[in-house]
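The basis for the numbers below is simple: all heavy atoms, side chains too, and nothing from hydrogens, waters or symmetry mates. Sequence lines set the chain letters: A, B, ... in the order given, protein chains first and strands last, and positions in each chain run from 1. As the structure is a prediction and not an experimental result, all values here were calculated from the model.
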Amino acid sequence: MKFIIAIIKPFKLDEVRRALTILGARGMTVTETRGFGRQKGHTELYRGAEYQVDFLPKLKIELAVPEELADQAVAAIMEAARTGRIGDGKIFVMNLESAYRIRTGESGPEVL
Amino acid sequence: MKFIIAIIKPFKLDEVRRALTILGARGMTVTETRGFGRQKGHTELYRGAEYQVDFLPKLKIELAVPEELADQAVAAIMEAARTGRIGDGKIFVMNLESAYRIRTGESGPEVL
Amino acid sequence: MKFIIAIIKPFKLDEVRRALTILGARGMTVTETRGFGRQKGHTELYRGAEYQVDFLPKLKIELAVPEELADQAVAAIMEAARTGRIGDGKIFVMNLESAYRIRTGESGPEVL
Amino acid sequence: MTIFRNGGVALSSALGGLALAWPGAAQAEELNQAANAWMMTSTALVLFMNIPALALFYGGLVRAKNVLSVMMHCFAITCVISVLWLIYGYSVAFGDGGTQQALWGGLGKAFHAGVGVEAVKSGISETVYSMFQLTFAIITPALVAGGFAERIRFSAVLIFTVVWFTLVYLPLCHWVWGGGWLQTMGFNDFAGGSVVHINAGVAALTAAVMMGRRKGFPHTAFLPHNLTFTYIGAAMLWVGWFGFNGGSAVAANGNAGMAIMATHMAAAGGSLTWMLMEWVRHGKPSVLGIVTGMVAGLGTVTPASGFIGPLGGLIIGLMAGVLCYWATHIIKRKLFIDDSLDVFPVHGVGGIFGTLLTGVFAAPALGGLGYAEGVTMASQVGVQAIGAVTTIGVSVAGSWVAFKAADLLTGLRVNLEQETEGLDLVLHDERGYNLEY
Amino acid sequence: MTIFRNGGVALSSALGGLALAWPGAAQAEELNQAANAWMMTSTALVLFMNIPALALFYGGLVRAKNVLSVMMHCFAITCVISVLWLIYGYSVAFGDGGTQQALWGGLGKAFHAGVGVEAVKSGISETVYSMFQLTFAIITPALVAGGFAERIRFSAVLIFTVVWFTLVYLPLCHWVWGGGWLQTMGFNDFAGGSVVHINAGVAALTAAVMMGRRKGFPHTAFLPHNLTFTYIGAAMLWVGWFGFNGGSAVAANGNAGMAIMATHMAAAGGSLTWMLMEWVRHGKPSVLGIVTGMVAGLGTVTPASGFIGPLGGLIIGLMAGVLCYWATHIIKRKLFIDDSLDVFPVHGVGGIFGTLLTGVFAAPALGGLGYAEGVTMASQVGVQAIGAVTTIGVSVAGSWVAFKAADLLTGLRVNLEQETEGLDLVLHDERGYNLEY
Amino acid sequence: MTIFRNGGVALSSALGGLALAWPGAAQAEELNQAANAWMMTSTALVLFMNIPALALFYGGLVRAKNVLSVMMHCFAITCVISVLWLIYGYSVAFGDGGTQQALWGGLGKAFHAGVGVEAVKSGISETVYSMFQLTFAIITPALVAGGFAERIRFSAVLIFTVVWFTLVYLPLCHWVWGGGWLQTMGFNDFAGGSVVHINAGVAALTAAVMMGRRKGFPHTAFLPHNLTFTYIGAAMLWVGWFGFNGGSAVAANGNAGMAIMATHMAAAGGSLTWMLMEWVRHGKPSVLGIVTGMVAGLGTVTPASGFIGPLGGLIIGLMAGVLCYWATHIIKRKLFIDDSLDVFPVHGVGGIFGTLLTGVFAAPALGGLGYAEGVTMASQVGVQAIGAVTTIGVSVAGSWVAFKAADLLTGLRVNLEQETEGLDLVLHDERGYNLEY
Ligand SMILES: Nc1ncnc2c1ncn2[C@@H]1O[C@H](COP(=O)(O)OP(=O)(O)O)[C@@H](O)[C@H]1O
Ligand SMILES: Nc1ncnc2c1ncn2[C@@H]1O[C@H](COP(=O)(O)OP(=O)(O)O)[C@@H](O)[C@H]1O
Ligand SMILES: Nc1ncnc2c1ncn2[C@@H]1O[C@H](COP(=O)(O)OP(=O)(O)O)[C@@H](O)[C@H]1O
């Protein structure tokens with residue numbers, strides 16, 4: 001199994017979720033984060049002074065998938081989250097050794 | 001060492017923490033997240049219109065443990081977090097290559 | 001590639017980011033979390049009663065780096081985040097199998 | 001506001017009120033300091049209804065990324081209208097229009113010319129009279145902001161404000177309260193059922209139709225980002241409404257007291273029926289529901305508040321809660337119009353209904369204070385209908401012009417990406433909350 | 001409220017107040033417009049104390065998942081009580097009970113019958129008199145809500161409100177302020193030490209005992225989710241209390257001014273001593289501590305506020321801060337009673353203490369305004385004790401009946417899982433904050 | 001406040017105001033109940049300006065970890081000053097100083113001795129007079145808190161408050177409003193341009209210089225953690241300012257009404273020009289900008305508000321928005337002084353400017369109400385300059401002493417780590433928000 005971490009622009013969440021659902025993913029976990037990267041942060045005004053805000057609001061999607069779905073999931077996120085402008089985000093894939101469903105105690109790819 | 005990620009229902013935090021403490025875990029990190037899964041979200045009223053809210057509040061527990069404690073930790077979380085109703089959450093286990101304590105610079109399982 | 005997770009004291013963010021930037025890291029993702037560990041939480045007053053608050057505010061930094069930068073990155077974080085007092089935090093390193101840039105579809109260490 | 005202050009006089013003495021003269025003769029009046037004290041308080045209360053009350057009420061309802069933009073609308077409108085009021089607004093609405101009095105008040109009092117420290121109007125300082133009226137002129141366009149929230153450009157709001165104030169608000173205000181033709185005809189709008197509520201509701205609906213829906217409407221839930229703010233705003237509106245309706249008596253007498261009591265009962269009634277509607281239809285009552293019912297009750301009772309008793313107020317409120325609930329449902333769920341914060345179904349529908357009911361509940365048999373000489377319930381309701389229809393017509397036409405002007409000059413809407421990013425960052429380089437540190 | 005308004009007259013002329021007649025003769029009185037203006041303002045201030053002030057104060061103290069439920073209590077109580085007040089509340093409390101005047105006011109003024117625009121009572125419009133009193137009837141059960149917060153069913157709150165208002169609030173209100181037996185006996189409660197504060201505190205304690213503790217009490221820290229709200233609410237309470245106590249003079253004279261000053265000093269005093277208690281005992285002063293001390297000072301000075309001088313107010317406040325601090329500690333940490341928001345130790349204990357002290361600090365030697373003819377400090381304190389004990393007795397009994405009724409009809413508490421999930425989602429399908437977008 | 005109330009009398013009768021006698025003769029005056037009603041309302045409004053308004057305004061501007069500390073400052077200052085006021089403050093400022101009247105009011109009214117229920121001063125109850133003045137004494141040191149926010153120790157704030165109130169506030173207050181030498185000289189400060197705004201601004205600047213910068217200044221952005229709070233606070237300040245300036249007429253007459261209107265227009269003007277400055281220079285207008293402009297307009301018009309017309313108010317406001325914008329820029333970006341919440345550039349600069357302009361816009365040709373007999377614009381501006389310079393001098397010296405005393409006794413600043421951790425946890429064992437559950 002694979003553990004996919006995707007950092008995306010917040011307003012792309014709906015599209016990404018839809019794309020993953022179509023693919024058959026039945027669960028995911030989303031966290032608000034702040035990202036620092038090539039994309040420049042916005043300016044904030046403070047009584048006439050301007051400040052650069054480096055950290056931008058991003059969403060992190062964590063998604064555990066069976067081995068065979070990993071590539072498709074990456075591709076689906078990539079397409080759904082893309083605006084083509086800097087700051088679209090990153091996808092990281094790691095190896096997932098085991099997965100359990102708390103409710104039933106089951107483990108393995110079928111719990112995902 | 002193993003890196004355990006558990007997604008649980010928020011009100012189970014206390015019990016999970018207690019179970020892990022009994023087991024000997026001396027640290028963990030908790031993050032608020034929103035989960036999407038089989039459990040249906042709640043309805044919210046908005047001036048007579050009803051809306052389905054898909055993402056549910058969940059907590060993510062991150063816990064690094066020495067190899068030999070991993071299974072017990074998973075079992076402990078599983079038991080403490082279970083209500084038996086849909087949405088109880090998932091546990092994911094990954095391989096942890098190294099761990100450091102910032103304060104001392106030490107590394108290895110003994111920092112956990 | 002490596003995926004580094006660092007739990008640090010919130011007010012050390014600026015210093016850590018600076019240290020990593022000097023090292024050449026061009027991106028990272030930061031999340032607010034609450035940590036439980038050896039460091040004792042603070043006391044909160046509530047109308048004459050005192051309560052111990054166990055979970056302390058921490059920041060989690062996620063940083064994907066090319067293999068060869070991993071050790072330096074760990075060292076840099078360690079140095080920048082250290083106050084020498086209990087609760088400084090931990091660094092966890094895991095293996096990162098693949099990384100993608102959403103905007104371009106590229107993958108590999110060069111997207112980091 | 002009308003009959004007791006400037007218009008029909010038959011009733012006012014029966015009520016033990018002050019003898020109120022026609023504007024032209026105001027200088028000779030004596031200052032009633034108690035009334036003056038109450039009217040300064042009322043002025044503060046009505047300003048309070050806009051900032052912060054309405055800003056909180058509306059601000060809480062939008063998503064976090066747009067909270068500042070909505071609050072900015074309320075604030076900037078306050079500033080712009082205040083300046084225009086000093087320059088020509090007060091004069092056009094409340095000046096002495098001479099032979100054209102039926103239509104407008106002329107420019108004789110532009111820049112508040114002749115309104116000195118000692119000037120008295122309707123028994124209070126003319127400056128206080130003017131300030132009190134100004135607060136009404138401020139809150140009306142601010143109410144409209146609920147219709148175009150979460151997608152309008154800030155510059156468009158400013159243009160709309162200037163044009164709409166001039167073309168829509170000032171004429172209606174003069175006609176109904178400044179000695180214009182509707183007032184002469186005997187149209188009764190005590191505190192703004194037509195001038196404020198119908199007017200704002202219709203303008204918001206016009207805006208919603210002209211601008212189109214927010215991205216995601218009607219499928220996405222635009223959940224209020226902070227219902228505690230909406231609640232606080234609602235509570236402040238309730239309290240402020242004592243000044244809005246109670247102050248419209250322009251006196252610290254029993255008429256003001258009775259208006260406050262009728263107003264209060266309508267708020268309670270509207271809250272309870274909206275709450276019950278939800279309980280019955282959805283199984284649970286909500287905080288947003290009860291406070292929306294409150295606004296419905298208050299908006300609906302406003303035109304009647306000075307002519308009725310507390311029981312009349314309660315009944316109007318009870319009806320308003322049900323009626324506006326359904327109106328909201330229909331606009332949003334049947335007609336799919338994205339009047340973002342439901343201004344039309346609450347204020348517009350409530351205002352129309354209340355303006356008509358004013359003719360009914362004034363009947364002494366219903367606990368009301370009675371009709372002017374020679375007037376029957378039927379004839380009064382007829383006049384009320386004329387007033388309501390006039391307001392709707394003027395508001396639709398003028399609002400269309402105002403938004404069209406804004407569209408041509410700067411464009412009405414932000415683009416889709418900006419809408420998704422949120423107006424606060426895009427238009428103001430700010431965010432409402434930075435709670436991290 | 002009592003002596004200056006309806007009761008003993010000896011003092012009132014000495015104070016340069018209005019000549020105040022017995023209710024029955026009210027129609028003949030002349031309207032004092034200045035008093036009327038001030039009383040309308042005071043009415044607005046006291047309504048403001050409940051919504052939004054108390055809603056904020058309480059709302060901030062609970063956990064985020066219950067904030068709306070608590071605010072809903074304050075709002076729904078406002079609506080329900082208002083309607084009941086119009087139907088029978090005002091009449092029972094302030095009507096002319098004829099031969100039964102010692103016990104209740106009868107139903108002669110049900111539906112505000114006979115309370116016209118021109119009706120005058122105690123020198124102000126009777127509608128204003130009634131509205132002012134209504135706001136007291138609203139805030140008292142709302143205060144009780146602090147005792148059952150975070151675990152009660154919403155329907156139970158509604159049932160409690162109706163029963164308790166009828167069985168407990170109205171009788172006490174009549175006895176103390178409406179010409180009932182306690183007033184006749186010379187019991188002095190200027191602005192509600194007994195009727196409001198003892199009463200609410202005791203009812204909250206009864207609720208806490210009957211309902212049992214919240215899950216986790218006393219080990220878990222139920223941290224206030226938003227102390228800024230609690231602070232804002234406290235600040236608004238302070239300001240609103242000028243209307244609460246100042247308005248209880250039912251006049252815009254020196255008595256009102258003196259009551260405001262004494263009130264203000266008590267607030268300052270209570271704040272400072274609670275703050276110092278914390279500083280000494282815990283090493284740090286807290287925001288929650290200082291504002292709780294303020295409420296303690298205000299609640300305690302309330303019954304005395306119109307009979308004392310500013311120094312008396314300050315001393316009462318200083319004592320209240322210490323006393324209520326300890327009372328809170330004992331209830332929570334020794335008796336382990338989960339009166340969620342500490343209503344009894346702050347309002348109940350403060351109210352009892354203040355009601356007794358009213359008899360003491362009225363002494364001219366202590367800067368007070370003196371006693372009625374033939375009354376000594378000892379005899380006055382005795383009467384004060386009778387009033388306090390009566391209030392406690394009626395409140396315990398009536399509260400028990402009210403909560404028992406709610407329990408039988410709909411159940412008092414949500415179940416454990418619902419309690420953990422939070423009342424906002426479970427009972428209202430809403431959440432206070434959606435700050436993500 | 002000066003001329004109409006206690007001082008030059010030439011003008012007051014021309015304005016149809018009350019005949020106002022010298023303090024010493026006050027007891028013989030008759031109570032004007034309407035004025036009393038309005039002044040109690042104004043008192044409530046000005047207290048409201050400090051808590052919660054200023055607490056919200058300031059609290060929203062700091063980082064989340066310091067929000068409670070700032071709110072605590074406002075609250076504790078309120079309590080401490082109130083007690084000191086009762087003990088000696090009122091007497092020193094407004095007592096009858098006899099032969100030393102030019103310098104101070106003596107201690108004859110310490111503990112409010114002789115200020116009974118029936119005491120009347122300037123036509124209102126002396127308790128009300130005192131309470132109204134007290135609210136000014138409260139808000140002035142609270143304004144200073146913006147200068148030392150986010151790094152001061154709480155105990156240092158308390159020490160500063162006691163010393164500064166005694167050495168700086170009371171003398172200035174007496175000199176300008178209590179019959180002291182500046183008032184005798186004809187210095188005009190209607191509602192506190194010098195006593196409140198210059199004074200607080202200069203003290204804040206002194207604090208900022210003495211304490212040094214916050215860690216990270218000027219490179220790090222100290223973003224407001226909650227601009228919605230700042231907005232709400234600003235809106236409440238606007239409304240409350242009607243009591244601040246309108247109440248300074250100490251009457252419910254046309255003078256109060258005119259002051260309110262001029263005040264309102266200045267707020268609108270300052271808001272708009274600050275907004276435009278940002279729009280032109282940064283491309284976007286901000287919420288923080290528009291509300292800061294409002295405060296600039298209000299602070300600047302304060303000394304003039306009772307002497308000018310609405311157009312004068314508007315012009316003063318328009319100028320204030322531009323001037324204070326630049327002043328803020330220069331202090332922060334050129335001089336790198338870390339006056340945390342910009343108290344000096346907004347209140348100090350605005351106050352100085354307004355104090356001088358008071359001499360200009362009083363000219364009838366500019367819509368003003370005229371000069372006292374024998375006074376010309378030039379001579380009046382000269383006297384105004386003397387008043388401004390005096391205030392600056394006294395405030396710099398006294399503030400230095402006050403902060404030095406605090407430094408010696410307890411230390412001024414928390415250490416670096418505490419500063420980073422945040423004052424709420426470090427000093428008060430609390431956090432503003434616990435929104436998780
Ligand atoms: N090396 C990295 N490790 C972890 N997160 C990263 C890394 N690089 C970028 N990110 C995340 O991805 C986001 C987007 O990256 P950025 O460089 O701005 O643009 P792009 O994705 O278009 O290259 C960042 O805001 C950050 O959250
Ligand atoms: N494949 C997945 N990857 C990551 N998180 C998941 C995944 N599936 C479920 N989750 C998380 O687990 C939570 C519970 O899952 P859900 O399907 O609702 O019920 P259950 O755990 O009882 O099967 C979800 O809300 C989500 O946060
Ligand atoms: N085993 C663990 N797994 C995950 N996070 C941990 C673990 N141990 C500690 N942490 C995190 O590191 C933080 C600091 O740990 P703590 O034991 O308090 O001090 P120190 O880092 O100095 O040993 C904790 O607050 C927690 O967030």
Check whether any side-chain heavy atom of Tyr90(F) lies under 4.5 Å from a side-chain heavy atom of Pro310(E), and answer yes or no. no

Under the criterion side chain to side chain contact (heavy atoms under 4.5 Å, CB included), I'd like the reasoning laid out for Met72(F) against Met275(E): C-alpha separation, chi angles, the key distance, then a yes or no. CA-CA 11 Å; Met72(F) 186 78 172; Met275(E) 179 180 93; 4.0 Å; yes

What are the two closest heavy atoms between Asn255(E) and Val117(F), and how far apart are they? N-CG1, 3.7 Å

Please find the pair of heavy atoms, one from Pro285(E) and one from His428(F), that lie closest to each other, and give the distance. O-ND1, 2.9 Å

Heavy-atom distances under 4.5 Å only: say whether Thr127(F) touches chain E with side chain, backbone, both or neither. both

At a heavy-atom distance under 4.5 Å, which candidate from Trp38(E), Trp279(E), Phe229(E) has the highest pair count against chain F? Trp38(E)

Using 0.5 Å steps for rounding, measure from the CD atom of Gln33(F) to the CG atom of Asn32(E). 4.5 Å

With a 4.5 angstrom heavy-atom cut-off, which part of Met261(E) approaches chain F: side chain, backbone, both or neither? both

With a 4.5 angstrom heavy-atom cut-off, could you sort out which part of Thr228(E) is near chain F: side chain, backbone, both or neither? both

Segment of Val67(E) engaging chain F (4.5 angstrom heavy-atom cut-off): neither

So what's closer than 4.5 Å to chain E heavy atoms on Ile81(F): side chain, backbone, both or neither? neither

Residue Ala256(E) versus chain F: region with a heavy atom under 4.5 Å: both

Any side-chain heavy-atom pair of His112(F) and Met265(E) under 4.5 Å: no

If we define contacts as heavy-atom pairs under 4.5 Å, which of Asp424(F), Val128(F), Asn36(F) has the most with chain E? Asn36(F)

What is the distance from atom CD of Glu126(F) to atom CE of Met258(E), rounded to the nearest 0.5 Å? 9.5 Å

Please classify the contact of Leu314(E) with chain F as side chain, backbone, both or neither, using a heavy-atom distance under 4.5 Å. side chain

Heavy atoms only: give me the nearest Tyr231(E)-Cys74(F) pair and the separation to one decimal. OH-CB, 3.6 Å

Is Leu47(F) in contact with chain E via its backbone, its side chain, both, or neither, using a 4.5 Å heavy-atom distance? both

So, taking the atom named CZ in Phe222(E) and the one named CG in Asn434(F), what distance separates them when rounded to the nearest 0.5 Å? 13.5 Å

Nearest non-hydrogen partners of Asp429(F) and Lys284(E), listed with the distance: OD1-NZ, 3.0 Å

State, to 0.1 Å, how close Ala37(F) and Ala34(E) come at their nearest heavy-atom pair, and which atoms those are. CB-O, 3.8 Å

Region of Leu56(F) in contact with chain E, defined by heavy-atom distances below 4.5 Å: side chain

Is Tyr433(F) close to chain E through its backbone or its side chain, or both, or neither, when contacts mean heavy atoms under 4.5 Å? both

Would Trp85(F) and His264(E) count as a side chain to side chain contact (heavy atoms under 4.5 Å, CB included) if you check the C-alpha gap in whole Å, the side-chain angles of each, and the deciding distance to 0.1 Å? CA-CA 12 Å; Trp85(F) 188 258; His264(E) 183 83; over 6 Å; no

For Met71(F), the option from Ile232(E), Leu227(E), Ile290(E), Val287(E) that meets side-chain contact (heavy atoms from CB on, under 4.5 Å): Ile232(E)

By a 4.5 Å heavy-atom criterion (distance strictly below it), what part of Val426(F) contacts chain E: side chain, backbone, both, or neither? backbone

Full working for side chain to side chain contact (heavy atoms under 4.5 Å, CB included) between Leu435(F) and Leu435(E): CA-CA 10 Å; Leu435(F) 300 175; Leu435(E) 300 176; 4.0 Å; yes

Could you look at Met49(F) and say if it's the side chain, the backbone, both or neither that has a heavy atom under 4.5 Å from chain E? neither

Please indicate whether Gln418(E) has more than 12 foreign heavy atoms, meaning atoms of other residues, nucleotides or ligands, lying under 6.0 Å from its CD. yes

Structural part of Ser69(F) lying under 4.5 Å from a heavy atom of chain E: neither

Measure up the Phe75(F) and Trp238(E) rings against each other and bin them: parallel (under 30°), tilted (30 to 60°), perpendicular (over 60°). perpendicular

Stepwise, does the side chain to side chain contact (heavy atoms under 4.5 Å, CB included) test hold for Met40(F) with Ile260(E)? CA-CA 8 Å; Met40(F) 290 191 284; Ile260(E) 287 176; 3.6 Å; yes

What residue in Val83(F), Asn226(F), Ile124(F), Thr41(F) has the most heavy-atom pairs under 4.5 Å with chain E? Thr41(F)

Portion of Ala76(F) that has a non-hydrogen atom of chain E nearer than 4.5 angstrom: both

